[in-house]
Amino acid sequence: MFGLFKRDPIKKLRKIYDQKLEQAMLAQRKGDMRLFADLTAESEALWQQIEQLQQQS
């Protein structure tokens with residue numbers, strides 16, 4: 001019953017992950033490869049966290 005109001009951390013991380021990928025795509029289109037690399041690295045770290053949480057549950 002109390003789990004009903006609990007937020008899903010995987011869903012939250014997935015949303016942030018998608019936003020980072022979109023920002024990276026836009027940076028790549030603008031030609032800012034350094035920002036693209038930074039955002040891609042951040043998104044990969046988020047994906048690893050998502051995978052760890054999925055394995056735990």
Exercise. What salt bridge (charged side-chain N to carboxylate O under 4.0 Å, His left out) pairs are there with at least one residue in residues 15-43, not counting sequence neighbours?
Worked result: Lys20-Glu42
For this session: Could you tell me the separation between the CG atom of Leu21 and the CG atom of Leu39, rounded to the nearest 0.5 Å?
Result: 9.0 Å
Problem set entry | Value rounded to 0.5 Å, distance of CG in Leu35 from CD in Gln23 | 8.0 Å
Exercise. Taking only residues two or more places apart in sequence, or in another chain, which ones meet Tyr17 in a ring-ring contact (aromatic ring centres under 6.0 Å, His included)?
Worked result: Trp47
Exercise. Roughly how far, to the nearest 0.5 Å, is the CZ atom of Arg14 from the CG atom of Leu53?
Worked result: 11.5 Å
Problem set entry | Rounded distance (nearest 0.5 Å) linking atom CD1 of Ile10 with atom CD of Gln49 | 11.5 Å
Seminar exercise, completed: Nearest heavy-atom approach of Ala27 to Phe36 is CB-N, 4.0 Å
